[in-house]
Amino acid sequence: MKVDWSKLGFDYVKTNVNIRYEYKGGQWSEMQVTEDEYIPMHISTTCLHYGLECFEGLKAFKGADGKVRIFRMDENAKRMQSSARKLCLPIPTQAIFEQACYECVKRNIDFVPPYGSGASLYLRPLLIGTKVGLGVKSSPEAMFIVFCSPVGAYFKDGMKPIKVVIDRIQDRAAPRGTGDIKAGGNYASSILSGEKAHVNGYSNVMYLDAVEHKYIEECGAANFFGIKDNTYVTPKSPSILPSITNKSLRQLAQHLGMKVEERPIAVDELGEFSEAGACGTAAVISPIESVFDIDTEKIVRYGEEVGPVSLKLYNMLQDIQYGRAEDIFGWTKVVE
Ligand SMILES: *Cc1c(COP(=O)(O)O)cnc(C)c1O
């Protein structure tokens, strides 16, 4: 095995094994460990046609002390359960989810990038409806897979603020749709606007609420937060995916003595923040340099420097992930 840790991006790298469980006849199978990177599948499998699938994303980090830590997998387990529930898919138990993630890291431990490289091991749990049929109905059969891939540091030369665009060409999710679960279909309904943004030099699209197109929902596939008057403000809406990074940042902000607000944030309020960012597992925080609104042609700038609060929160979270700070919240699981 030869991996150049410094050259890693966010791409699939083949590792030793992946972990699988099958749900059939009303129960989950024993854990299967396989080197096979393929899933044999009938052409009429429901996940291929009707989008009955959901996924998760989390990371394991090699710490300063040489230990490998998985970050908040209990939270990812709960979120996958809520996704499965809404998609009427068989629900992986908390134990199955955590066991699969743990074993996946343990059996691919050589693929956890070394401390100091800024890289990490990304875990991708995947739940797919595997019932063969043609009619639109729920799938009483499923496969739960966890595979992993080493991924590079998101910011190779330090954090760099990103340009964001508000484009009403596409709504990511509706209030009573699937925006609050991690379903692949949400990505399908935002790919077009994302591509357009990239072509025009923006890193991310800021999605607005689908009813009034007035309130901020998400920033690409990440949650949004703004900072003003020692307050961490993040949008509240039934069509936002509850980010575990956002939850962690809220807890850290509170720990710092900041106020935390979860409430609707109108686009008009963007200019009132001293800092703003997008947050998610991939980058922890992507500070926002500017937000350009295509329709009104208004631009709000936060600047090319990372704001002090964003930097502080980012460092606190990474210190816990890399074992440099005491895990006072009990967020990490050490792989023995
Ligand atoms: C995965 C995801 C996030 C980030 O969630 P984390 O748990 O922090 O990684 C935010 N928004 C959307 C739409 C997502 O799919």
Side-chain angles (χ1 to χ4, degrees), residues 10 51 53-61 70-84 86-87 97-98 101 120-127 146 148-149 151 154 162 164 170-175 177-194 197 203-210 215-226 232 234-253 260 262 265 276-288 310 313-314 316-318 320-321 329 331-333:
F10 193 81
E53 77 83 43
C54 58
F55 66 99
E56 277 300 328
L58 65 160
K59 281 179 171 178
F61 303 84
I70 309 177
F71 189 70
R72 301 196 86 168
M73 64 174 168
D74 54 324
E75 288 290 332
N76 292 91
K78 279 188 248 164
R79 195 168 65 187
M80 176 162 270
Q81 289 182 323
S82 93
S83 298
K86 202 168 205 179
L87 295 169
F97 186 97
E98 294 192 19
C101 291
S120 54
L121 188 73
Y122 183 77
L123 301 184
R124 171 51 61 84
L126 180 69
L127 178 66
V146 177
C148 65
S149 181
V151 295
Y154 196 86
I162 57 167
V164 170
Q170 208 167 31
D171 297 323
R172 192 192 77 91
T178 53
D180 59 337
I181 63 167
K182 218 166 171 72
N186 296 332
Y187 282 70
S189 60
S190 56
I191 198 89
L192 178 67
S193 45
S203 302
N204 262 343
V205 180
M206 184 171 279
Y207 294 102
L208 304 184
D209 77 281
Y215 298 97
I216 298 164
E217 291 260 306
E218 302 217 39
C219 201
N223 279 184
F224 172 84
F225 71 89
Y232 179 102
T234 191
K236 192 178 178 70
S237 142
S239 39
I240 290 178
L241 195 274
S243 153
I244 295 158
T245 311
N246 192 353
K247 182 175 184 175
S248 308
L249 294 173
R250 292 198 302 272
Q251 287 174 263
L252 289 171
V260 171
E262 288 178 80
I265 303 177
C279 60
T281 296
V284 181
I285 290 176
S286 297
I288 296 175
S310 302
L313 292 172
Y314 175 85
M316 281 174 83
L317 190 57
Q318 289 254 288
I320 292 174
Q321 291 175 326
F329 300 98
W331 285 343
T332 62
K333 168 82 185 164

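Ligands are counted one by one from 1 in listed order, and the atoms in each one are counted from 1 as well.
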Practice problem: State if Arg79 counts as touching ligand 1 under the rule of any non-hydrogen atom under 4.0 Å. | Solution: yes

Practice problem: Check whether any heavy atom of Arg172 sits under 4.0 Å from an atom of ligand 1. | Solution: yes

Quiz item: Taking non-hydrogen atoms only, is Ala222 closer than 4.0 angstrom to ligand 1 via side chain, backbone, both or neither?
Solution: backbone

Exercise. Measure Glu75 to ligand 1 on non-hydrogen atoms and call it side chain, backbone, both or neither using the 4.0 Å cut-off.
Key: neither

Quiz prompt | Heavy-atom nearest neighbour in the protein, as seen from atom 9 (O) of ligand 1, with distance rounded to 0.1 Å | solution = Thr281 OG1, 2.6 Å

Is there a side-chain contact between [X] and [Y] in this structure, where contact means two heavy atoms from C-beta onward sitting under 4.5 Å apart?
X	Y	value
Lys59	Gln321	no
Glu217	Ser239	yes
Tyr215	Ser237	no
Val164	Cys219	yes

Quiz item: Do the ring planes of Tyr232 and Phe225 sit parallel (below 30°), tilted (30 to 60°) or perpendicular (above 60°)?
Solution: parallel

Practice problem: Using distance alone, determine whether Ser243 and ligand 1 share an N or O pair under 3.5 Å. | Solution: yes

Quiz item: Is the number of heavy atoms from other residues, nucleotides or ligands under 6.0 Å of Tyr122 OH greater than 12?
Solution: yes

Exercise. Show your working on salt bridge (Lys or Arg N to Asp or Glu O under 4.0 Å) between Glu262 and Arg250 and close with a plain yes or no.
Key: CA-CA 9 Å; Glu262 288 178 80; Arg250 292 198 302 272; 3.5 Å; yes

Quiz item: Should you measure from each heavy atom of Tyr187, which atoms of ligand 1 turn up under 4.0 Å away?
Solution: 14 (C), 15 (O)

Quiz prompt | Where ligand 1 meets Asn223 - atom numbers and elements under 4.0 angstrom, heavy-atom basis | solution = 10 (C), 11 (N)

Practice problem: Have a look at Ser248, Ala221, Gly280, Ala282 and point out the one with the heavy atom closest to atom 10 (C) of ligand 1. | Solution: Ala221

Exercise. Would you indicate which of Lys182, Glu218, Lys247 comes nearest to atom 1 (C) of ligand 1 when only heavy atoms are counted?
Key: Lys182

